[in-house]
4 protein chains.
Amino acid sequence: MSKKEDIMMATLDLIHEEGLQSVTFAKLFKRANVGSGTIYNYFANKEDLVNEVYKESRTHMGEYLLQGYDAHASLYERFKCLQMNRLRFGMHFPKKFLFIDSYSFSPYISTELRNTDDGYNSSKTVQDLIVDGQRQGIIKEMDSHLCHQLIHGIISSILKGYYVNKYPLNEEQIRQMIESAWKAILV
Amino acid sequence: MSKKEDIMMATLDLIHEEGLQSVTFAKLFKRANVGSGTIYNYFANKEDLVNEVYKESRTHMGEYLLQGYDAHASLYERFKCLQMNRLRFGMHFPKKFLFIDSYSFSPYISTELRNTDDGYNSSKTVQDLIVDGQRQGIIKEMDSHLCHQLIHGIISSILKGYYVNKYPLNEEQIRQMIESAWKAILV
Amino acid sequence: MSKKEDIMMATLDLIHEEGLQSVTFAKLFKRANVGSGTIYNYFANKEDLVNEVYKESRTHMGEYLLQGYDAHASLYERFKCLQMNRLRFGMHFPKKFLFIDSYSFSPYISTELRNTDDGYNSSKTVQDLIVDGQRQGIIKEMDSHLCHQLIHGIISSILKGYYVNKYPLNEEQIRQMIESAWKAILV
Amino acid sequence: MSKKEDIMMATLDLIHEEGLQSVTFAKLFKRANVGSGTIYNYFANKEDLVNEVYKESRTHMGEYLLQGYDAHASLYERFKCLQMNRLRFGMHFPKKFLFIDSYSFSPYISTELRNTDDGYNSSKTVQDLIVDGQRQGIIKEMDSHLCHQLIHGIISSILKGYYVNKYPLNEEQIRQMIESAWKAILV
DNA sequence: CATGAATGAGTTTTCATTCAT
DNA sequence: TATGAATGAAAACTCATTCAT
């Protein structure tokens, strides 16, 4: 793995373990096994580093969300695919998921960065799905962003419960959860 | 207003504007219009100050949640009252709500404080409601703390979108969201 | 003496001893007997500190040059007064004189700072003297700034010889040097 | 041009633009368009590089000073030739002149290098001229090195004013300055 | 010879905290 | 109580130099 990746991974690890505010360069270098100057070959400063990690996480999640997505499948199939992917991403990459969740609305992440496209248009895909569902009279009429945020909140809460080991999430339970989220936005 | 209150308000303001990790005492003293030594008359150190602000915010929210609560109303009425209060608290006191939401799990907030009662038993009230609903077979069977977290997560997610101006939140939309959160926990 | 003065003096000393480029804050703090953070209560950074020292030196010299100056004395008397003061300043404050001499034309000192008034109009007094002398037909016709610079170069060279102990400078010798400089600009 | 020359030129340029103390290898490599390791094929380290540039500048000036010098001309003619060459060198090669002037006494330039012959005996030529003039009773009695320094100081001072655009230096003014410098060392 | 990624010692800078007033 | 100058440990950052390719 490249030094740059080492550093980004160590950053994500440390943020997960101790929170952004207690990530110091000293800890970072030790964890990433690089010399103290090395980071400056790749990142201008700490803020830049964190932003890069954020961007990479967002891009990764954006890509992950669309895995196996079939635009011609039924509404529920499409919903299920997207939200299962979201859930699975959170299960496999808890550090990235939590980092995105925690910092997307913090002042540390600039507005423009927050609103930046993740390169996979996953956000637009979800929006389209919602609008489509509303047109068909299946999904409740409401601001599509609001609806998106609602779904995200549900999935996100489920994951947080999973993270603290409140319950296991096997295939059957995942299915139940997705269904539960689906019900929340039906007319 | 007392010096102590000045300091706590300035702390909350700065955390909201720049994030906990970039709140320095220098900024704090300037904003609160007090001398740099003054804080040590009221707080043992920075961590203590932040914990005090956290405690005050939690107490405030706890009190707010129970406004107009009628223990004898129907299950849904009680749910609606509590969650509407939660949503309204978030709308009226964004700094406090976000601070609680963002830092409840940060290492900066001591564990004992995080689990402490807010002085209004609002937490217990919500738990009781959930257990009651499950006993009646209306609310899905799951750990009651987890269920509480699920509801909080939904409301929180919606508020965050609102904070960054993704959408407005009028009476109609508030009603919809409470309903959706309700549906999400039904059997 | 104030901490600020301690720091400025130590700065001047170190620049004199080792040159600007090898003045580090570590040396500075040790020499000035202050804590490492203290400097930042007075100066924004190293450049700011050096500029302040430069300004103070210039102001001091500007004030010194006009000591005992009588605008109604004869041309030569006035010339003698100004240049003797210049020479005496250099003899009593070698560090300041050399610092001004070395850094006035270095890229470290911004053009605007170099051209800044020293607060005593000593520069203008010299210019006026030259123009007056030229009007009277005593001083050679030439650009007055050029003439000023010429005189400065002579005095400055004499001082540098003095600094390296090439000769003593008693009253009689000072008189001779001033006379020598005077001859250099006569018609 | 060879890599070595590229590096030396870039060094001189950067010293002129920002001062020795802020010339970093990073800037140097970029300016000279070479890889960061390349310099170590030609110079042992930074100090060595700067000393090489210094030596080259001194040699160039030494050669320049003797242009058109006629050992059999009159004392004043010889003086004029040498000092005009000095002035013209400064006008045509400001970077080299200033570098020599500014850093001759800096701790960065090794003492032995500073006192080293420039390869053209220009220094000895000036010394001889002075001693000759003193023997003839034309030039003031003083240490010949000091006299040399006095003359250099005058020329240098004039050039510095010229560099910062205080005044132009045309043929007439050059002639005047040489004459003034001459007068300054007469008995 | 030429390169540039990696390094870590050294430097600058920050900032919570103390303490004399 | 209220202050703010002074502090120094810790943090961020720089940069000459090395070395594998």
Side-chain angles (χ1 to χ4, degrees), chain A residues 2-4 6-7 21-30 32-50, chain B residues 2-4 6-7 11 21-30 32-50 108, chain C residues 2-4 6-7 21-30 32-50, chain D residues 2-4 6-7 11 21-30 32-50 108:
Chain A
S2 78
K3 293 276 168 187
K4 186 175 180 181
D6 286 346
I7 293 167
Q21 70 121 26
S22 69
V23 174
T24 66
F25 276 22
K27 290 175 188 170
L28 209 45
F29 300 141
K30 211 173 167 183
N33 259 311
V34 298
S36 67
T38 304
I39 191 176
Y40 294 97
N41 294 330
Y42 300 106
F43 308 96
N45 50 43
K46 199 170 159 180
E47 189 174 342
D48 184 39
L49 164 61
V50 173
Chain B
S2 77
K3 293 271 170 190
K4 186 173 180 181
D6 285 344
I7 293 168
T11 304
Q21 68 119 26
S22 68
V23 173
T24 67
F25 273 27
K27 289 175 188 171
L28 207 45
F29 300 142
K30 210 173 168 184
N33 259 312
V34 299
S36 69
T38 303
I39 191 176
Y40 293 95
N41 294 326
Y42 300 106
F43 308 96
N45 51 39
K46 196 177 169 180
E47 194 172 337
D48 184 41
L49 162 62
V50 173
Y108 222 87
Chain C
S2 78
K3 293 276 168 186
K4 186 175 181 181
D6 285 346
I7 293 167
Q21 69 122 24
S22 69
V23 173
T24 65
F25 277 23
K27 290 175 188 171
L28 208 46
F29 301 142
K30 210 171 169 186
N33 259 311
V34 299
S36 66
T38 304
I39 191 176
Y40 293 97
N41 294 330
Y42 300 106
F43 308 96
N45 50 41
K46 199 170 161 183
E47 189 173 342
D48 184 41
L49 163 61
V50 173
Chain D
S2 76
K3 293 271 170 189
K4 185 173 181 183
D6 285 346
I7 293 167
T11 306
Q21 67 118 33
S22 68
V23 173
T24 67
F25 272 27
K27 289 175 188 170
L28 208 46
F29 300 141
K30 209 173 169 184
N33 260 310
V34 299
S36 69
T38 305
I39 190 175
Y40 293 96
N41 294 325
Y42 300 107
F43 307 96
N45 51 39
K46 195 176 172 182
E47 193 172 339
D48 184 40
L49 162 61
V50 173
Y108 221 85

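Since the model is a prediction, treat every value here as computed from it, not as a measurement. So you know, we letter chains A, B, ... as the sequences are listed, proteins then strands, and number each from 1.
When heavy atoms are screened at a 4.0 angstrom cut-off, D:F43 is found touching no nucleic acid atom at all.
If you take CG of B:L49 and C1' of E:dC15, they are 15 Å apart, rounded to a whole angstrom. Nucleotide E:dT11 holds its P atom 12 Å from the NZ atom of C:K30, rounded to whole Å. Atom CG of C:L28 is separated from atom P of E:dT13 by 12 Å (rounded to the nearest Å). Taking atom CG of residue A:N33 and atom C1' of nucleotide E:dT7, one finds them 13 Å apart after rounding to whole Å. Rounding to whole angstrom units, NZ of residue D:K27 and P of F:dC15 are separated by 7 Å. Remark: P of E:dA16 and CD1 of B:I7 are 14 Å apart, rounded to the nearest angstrom. Going from atom CG of C:D6 over to atom P of F:dA5 covers 16 Å, rounded to whole Å.
With sequence neighbours excluded, the residues that form a side chain to side chain contact (heavy atoms under 4.5 Å, CB included) with B:Y42 are B:K3, B:K4, B:I7, B:T38. Taking the salt bridge (charged side-chain N to carboxylate O under 4.0 Å, His left out) definition, one finds that C:K46 meets it with nothing, sequence neighbours left out. Scanning for side chain to side chain contact (heavy atoms under 4.5 Å, CB included) contacts around D:D48 gives D:F43, D:A44, D:N45, D:E52, with sequence neighbours left out. The side chain to side chain donor-acceptor pair (under 3.5 Å) search around B:K30 returns none, not counting sequence neighbours.
Mapped onto DNA chain E by nearest heavy atom, A:V34 and D:G35 fall at different nucleotides, with D:G35 at the one closer to the 5' end. Heavy-atom distances to DNA chain F give each of C:K4 and A:N41 a nearest nucleotide, and the one nearer the 5′ end belongs to C:K4.
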Can you list, pair by pair, the side-chain donor-acceptor contacts under 3.5 Å of residues 22-29 of chain C, counting residues two or more places apart and other chains?
unit_1 : atom_1 : unit_2 : atom_2 : d
C:S22  : OG     : C:E18  : O      : 2.9
C:S22  : OG     : C:G19  : O      : 3.4
C:T24  : OG1    : C:K27  : N      : 3.3
C:K27  : NZ     : C:E18  : OE1    : 2.9
C:K27  : NZ     : C:S22  : O      : 2.9

Fill in the blank from the handout: Per-nucleotide protein contact along nucleotides 16-21 of chain F, 5' to 3', at a 4.0 Å heavy-atom cut-off (B base, S sugar-phosphate only, - neither), is SBB---

Practice task
With pairs defined as Watson-Crick or G-U wobble and both distances under 3.5 angstrom, please note down DNA chain E as a dot-bracket string, | for pairing with another strand.
Solution key: .||||||||||||||||||||

